[in-house]
Amino acid sequence: MPELPEVETVRRRLEPALTGRRIVALTVADATVSAQTGAELRHLALGRDVARLRRRGKYLIVDLEEGILVVHLRMTGQLLFERPPTPRRPRFTIEFDDGSFLHFCDVRRFGRLWALRDEAELEHFFAELGVEPLSPGFSTARLRALLDGRRAPLKAFLLDQRRIAGVGNIYADEALFRAGLHPLRPAGSVGPRGAGRLREALVETLELGIAQAGTSVDSFVDPEGASGSFQEILNVYQRTGEPCRRCGTPIQRVVVGGRGTHFCPRCQPKRRMGRHAAGAKARGTT
DNA sequence: AGTGGCTCCTGGCGGC
DNA sequence: TGCCGCCAGGAGCCAC
């Protein structure tokens, strides 16, 4: 499922291919892909050059010289560039002036496309979206403020795009493992040190995901059809019953907010113990 | 207000 | 061997 690292991978692959190219056709084969009609989308996009590609959370932003296209891949969305023949019937296709194509394929049909007029509309579009975790604004102080008072489990907190933008099920589980925090722990119970560890874990996990070109456990491929490799180094996600890579304890699975959640019960204790208490317990002296 | 639960959608897989 | 039913999950919506 495309999360921040997968969308960033798509952005990086697509940017050099699309920048400077003019949109000469836009075909919508599945009307449910957008609240706007094909005619409305074409009115905004046709004849416009691609200026640059940006990302915000899990959204891909295609800036035209005038107007903005926004794409969300949701569960199974794939943006495929110049891959004839098209593997599956695309939900929409954009043709460029040099004869190249960008196809949006999406088996589960959750993905969405929006056409916006300008930056002001984009700002409004993202009004409810939380902090960008790989931006300088994502400080420990900021995270602490977001965690403060929340009774929701950490896992649910991380999946809430209004707090932090771009974290999905895979990277939430992996970041919590890296931070040594239990997914069911109330978000507001995490202290300053825990918040520091969580911030660092989130940044490291997401950056590692980008370095590995994403996770291909489901259907994720980049615009050239290539898989990512983060799935090869997952610590907990979809490793239920397998030994923890750090301590050997079998990975457990629970459901939090309807989402499969994977963790190591030993590396991610429900209550964080102090160094002294942890040492005493390990020696059997408590 | 904040939080949890339901819904969409379809390929894949478990079970009989 | 074949088929049926259930599951996964991002985010919007609704209810408490």
Side-chain angles (χ1 to χ4, degrees), chain A residues 1-10 28-36 55-61 70-80 86-92 104-114 124-133 145-176 183-190 202 206 209 214-221 227-228 230-231 234 236-241 251-263:
Chain A
M1 50 251 44
E3 306 180 25
L4 187 155
E6 288 73 32
V7 179
E8 180 62 22
T9 298
V10 171
V28 177
D30 179 357
T32 65
V33 78
S34 179
Q36 291 153 289
R55 180 193 55 73
R56 178 80 169 88
K58 302 174 193 171
Y59 293 86
L60 183 73
I61 303 163
V70 179
V71 181
H72 198 304
L73 305 175
R74 292 280 186 95
M75 292 297 299
T76 55
Q78 301 173 333
L79 283 167
L80 300 172
T86 306
R88 286 222 176 91
R89 189 167 179 256
R91 300 183 68 205
F92 71 80
F104 182 66
C105 298
D106 181 22
V107 169
R108 283 179 211 176
R109 300 171 65 203
F110 285 151
R112 290 292 179 267
L113 168 70
W114 299 264
H124 179 73
F125 185 80
F126 289 138
E128 299 294 314
L129 206 55
V131 64
E132 197 60 39
L146 290 171
L147 290 164
D148 187 47
R150 303 262 158 260
R151 285 170 297 162
L154 273 174
K155 174 65 181 284
F157 169 84
L158 290 178
L159 294 180
D160 187 345
Q161 303 299 299
R162 294 169 304 176
R163 318 283 174 207
I164 302 169
V167 180
N169 213 33
I170 299 171
Y171 294 94
D173 282 5
E174 293 298 315
L176 287 172
L184 286 174
R185 188 167 158 174
S189 77
V190 176
L202 280 165
L206 294 170
T215 310
S216 297
V217 290
D218 215 346
S219 58
F220 173 71
V221 289
S227 295
F230 192 70
Q231 68 279 2
L234 289 170
V236 289
Y237 186 75
Q238 286 194 353
R239 294 193 65 242
T240 309
I251 299 302
Q252 283 184 16
R253 182 184 186 274
V254 292
V255 174
V256 185
R259 300 290 171 264
T261 298
H262 314 75
F263 67 101

- Message: Regarding A/Y237, tell me which of base, sugar-phosphate or nothing describes its non-hydrogen contacts under 4.0 Å with the strands shown.
- Response: sugar-phosphate
- If only side-chain N and O atoms of A/R259 are considered, is one of them under 4.0 Å from the OP1 or OP2 phosphate oxygen of B/dG5? no
- Where do A/G260 and A/N169 come nearest, in terms of heavy atoms and distance? O-ND2, 3.0 Å
- Considering only NZ, NE, NH1 and NH2 on the basic side and carboxylate oxygens on the acidic side, decide whether A/E6 and A/K58 come within less than 4.0 Å. no
- Please work out if A/R74 contacts a base, only the sugar-phosphate, or nothing of the nucleic acid, heavy-atom cut-off 4.0 Å. base
- Look at the side-chain N and O atoms of A/R109 and state whether any lies under 4.0 Å from the OP1 or OP2 oxygen of B/dT10. yes
- Looking at every strand, decide which applies to A/F157 at a 4.0 Å heavy-atom threshold: base, sugar-phosphate, or nothing. nothing
- Query: Hey, is the side chain of A/H72 poking within less than 4.0 Å of OP1 or OP2 on C/dG10, counting only N and O atoms?
  - Reply: no
- Is a side-chain donor-acceptor pair under 3.5 Å present for A/Y59 with A/Q161? no
- Message: Within the 4.0 Å heavy-atom criterion, would you say A/R150 contacts the bases, only the backbone, or no part of the nucleic acid?
- Response: sugar-phosphate
- Task: For A/R91, report the nucleic acid contact type (base, sugar-phosphate, nothing); a contact means any heavy atom under 4.0 Å.
- Result: nothing
- Message: Looking at every heavy atom in both A/Y171 and A/P5, which two are closest together, and how far apart are they?
- Response: CZ-CG, 3.4 Å
